[in-house]
Novice: 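Can you keep this structure in mind? I'll have questions shortly.
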Amino acid sequence: MWCSHMALRRLQRIAVAPLNAAGGLTSKVQREMSTLPRVYVTRQIPPEGLKILKESGQVQFELWDSDDPVPRKELLQKVKGVDGLLCVLTEKIDAELLDAAGPNLKVLSTMSVGFDHLSLEELKKRGIRVGYTPDVLTDAVAELTVALLLTTSRRLIEATHEAKIGGWGTWRTLWLCGHELANSTVGIFGLGRIGVAIAERLAPFKVKKFIYTDMAPRPELASAINAEFVSFDELAKQSDFLAVCCALTPETKEICNKNLFSKMKNTSIFINTSRGGVVNQEDLYEALSTGQIAGAGLDVTVPEPLPTSHPLFTLKNCVILPHIASASYTTRNAMSSLAANNLLLGLRGQPMIKELKL
Ligand SMILES: O=C(O)C(=O)CO
């Protein structure tokens with residue numbers, strides 16, 4: 001199915017391809033284009049990735065040209081017969097979708113580091129290769145996590161609100177007091193690149209100790225931040241700030257529940273920038289509303305968007321962001337470029353820059 005190097009060079013010139021008398025592409029060029037692999041892109045992606053796809057001359061692609069998700073019914077139609085699919089994290093890639101796509105589908109590229117929206121088993125069964133976008137978003141996510149942690153622990157949302165609504169009276173000794181990082185113990189649940197990057201950024205705030213837990217100790221990563229491996233229970237008990245950085249898997253689903261919260265200090269701050277599914281939100285509400293823990297900062301929830309009527313929105317000690325950890329222009333463009341390049345490499349049968357081992 002893949003075209004020769006010569007054909008490829010010709011196709012890369014399609015932008016300046018000869019036009020027929022009616023101003024359309026000549027039938028030769030049309031024929032060449034129709035032999036190119038077909039790709040469906042499920043969302044408007046940032047310009048750098050789009051440019052790579054357009055200028056590659058290697059694929060004919062259709063794009064769901066919207067900032068909102070493609071309706072499922074439409075998606076099931078659009079993927080019929082495609083060779084490649086570029087998706088974002090809101091698309092559930094499961095057996096139904098893969099069946100709808102059919103046997104041509106060889107490559108899936110997701111513009112995300114998380115892959116809990118993909119049924120890896122179904123992809124593996126069908127021999128579909130999968131690209132994803134780790135590393136390029138580490139800095140942006142770590143930065144936002146620190147911002148969310150400070151916003152939550154120093155009660156910035158409450159403070160700006162009070163200032164705006166006239167709640168700012170005289171300077172008061174304990175008004176709007178929060179918790180500081182200096183001399184604290186910071187716990188990381190799930191130590192990967194992002195956890196390390198968060199700790200690196202927090203260290204200059206004079207954190208006393210970093211601790212972490214994971215499936216197993218990760219000495220190379222931990223040594224970079226001088227973090228001690230502890231049990232899940234110890235993580236809960238010792239952390240003044242607990243940052244969740246793990247992937248959502250069957251093992252981590254709702255692992256942050258009353259068992260965890262009941263062991264935490266009532267001065268502790270809980271931060272989640274991974275996936276909402278790792279938290280039992282009813283238990284978190286209980287822990288926050290009864291003062292079991294001091295506060296929570298969430299960039300991710302279940303569902304997304306979280307309905308405005310959700311009880312968590314009623315709590316002053318819960319800061320909720322709309323899943324923006326990776327939302328910087330640089331990072332989102334880097335994610336879209338990487339997703340586009342993964343897709344093109346996969347379709348050429350070459351190793352992707354970042355490929356999931358299935
Ligand atoms: O890439 C991901 O998995 C995200 O959650 C985007 O921030």
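What you are looking at is a predicted structure, and each value in this text was computed from that prediction instead of being measured. All ligand and atom numbering here is 1-based and tracks the order in the structure.
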Novice: Please report the closest heavy-atom contact between L338 and T133, naming both atoms and the distance.
Specialist: CD2-CA, 3.6 Å
Novice: Shortest non-hydrogen contact from C177 to T173?
Specialist: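 What the structure gives for the nearest pair is SG-O, 3.9 Å.
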Novice: May I ask you to identify the nearest protein heavy atom to atom 1 (O) of ligand 1, giving residue, atom name and distance to one decimal place in Å?
Specialist: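 Ranked first by proximity to atom 1 (O) of ligand 1 is V113 N, 2.8 Å.
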Novice: Pick from L97, L89, T110: which one makes a side chain to side chain contact (heavy atoms under 4.5 Å, CB included) with L118?
Specialist: T110
Novice: Nearest protein heavy-atom contact for atom 4 (C) of ligand 1: which residue, which atom, what distance?
Specialist: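 Nearest protein contact, heavy atoms only, for atom 4 (C) of ligand 1 is L89 CD2, 3.4 Å.
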Novice: Under 3.5 Å between some N or O of ligand 1 and some N or O of S326?
Specialist: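 Yes, since at least one N or O of S326 sits under 3.5 Å from an N or O of ligand 1.
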Novice: Where is the tightest heavy-atom contact between H117 and S112, given as atom of each residue plus distance?
Specialist: CE1-OG, 3.3 Å
Novice: What do you reckon, does A325 have a nitrogen or oxygen under 3.5 Å from a nitrogen or oxygen of ligand 1?
Specialist: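 No; the residue has no nitrogen or oxygen that sits under 3.5 Å from a nitrogen or oxygen of the ligand.
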Novice: Centroid-to-centroid, F229 to Y212, below 6.0 Å?
Specialist: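 Judged by ring-centre distance (under 6.0 Å), F229 and Y212 do meet the cut-off.
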Novice: Numbering the atoms of ligand 1 from 1, which are under 4.0 Å from a heavy atom of M335?
Specialist: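 Counting atoms of ligand 1 from 1, those under 4.0 Å from M335 are 1 (O).
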Novice: Quick check: S274 and ligand 1, any N/O pair under 3.5 Å apart?
Specialist: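 No; the residue has no nitrogen or oxygen that sits under 3.5 Å from a nitrogen or oxygen of the ligand.
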Novice: Assert yes or no for the condition that the ring centre distance of F270 to F241 is strictly below 6.0 Å.
Specialist: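 F270 vs F241: aromatic centres not under 6.0 Å.
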Novice: What atoms in ligand 1 come closer than 4.0 Å to a heavy atom of L137?
Specialist: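 Close to L137: 1 (O).
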Novice: So for ligand 1, is H323 a polar contact partner (N or O within less than 3.5 Å, distance only)?
Specialist: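 There is such a contact, yes.
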Novice: Evaluate salt bridge (charged side-chain N to carboxylate O under 4.0 Å, His left out) for R72 paired with D94, printing each intermediate quantity in order.
Specialist: CA-CA 12 Å; R72 180 77 178 179; D94 55 8; 2.7 Å; yes
Novice: Please work out, at 4.0 Å between heavy atoms, whether the side chain, the backbone, both, or neither of T133 comes within that distance of ligand 1.
Specialist: neither
Novice: Output yes when E180 and K206 qualify as a salt bridge under the 4.0 Å nitrogen-oxygen rule, no when they do not.
Specialist: no
Novice: State the atoms of ligand 1, each with its element, that fall below the 4.0 Å cut-off from a heavy-atom position in S112.
Specialist: 1 (O), 2 (C), 3 (O)
Novice: Distance under 4.0 Å to a non-hydrogen atom of R275: what atoms of ligand 1 satisfy this?
Specialist: 2 (C), 3 (O), 4 (C), 5 (O)
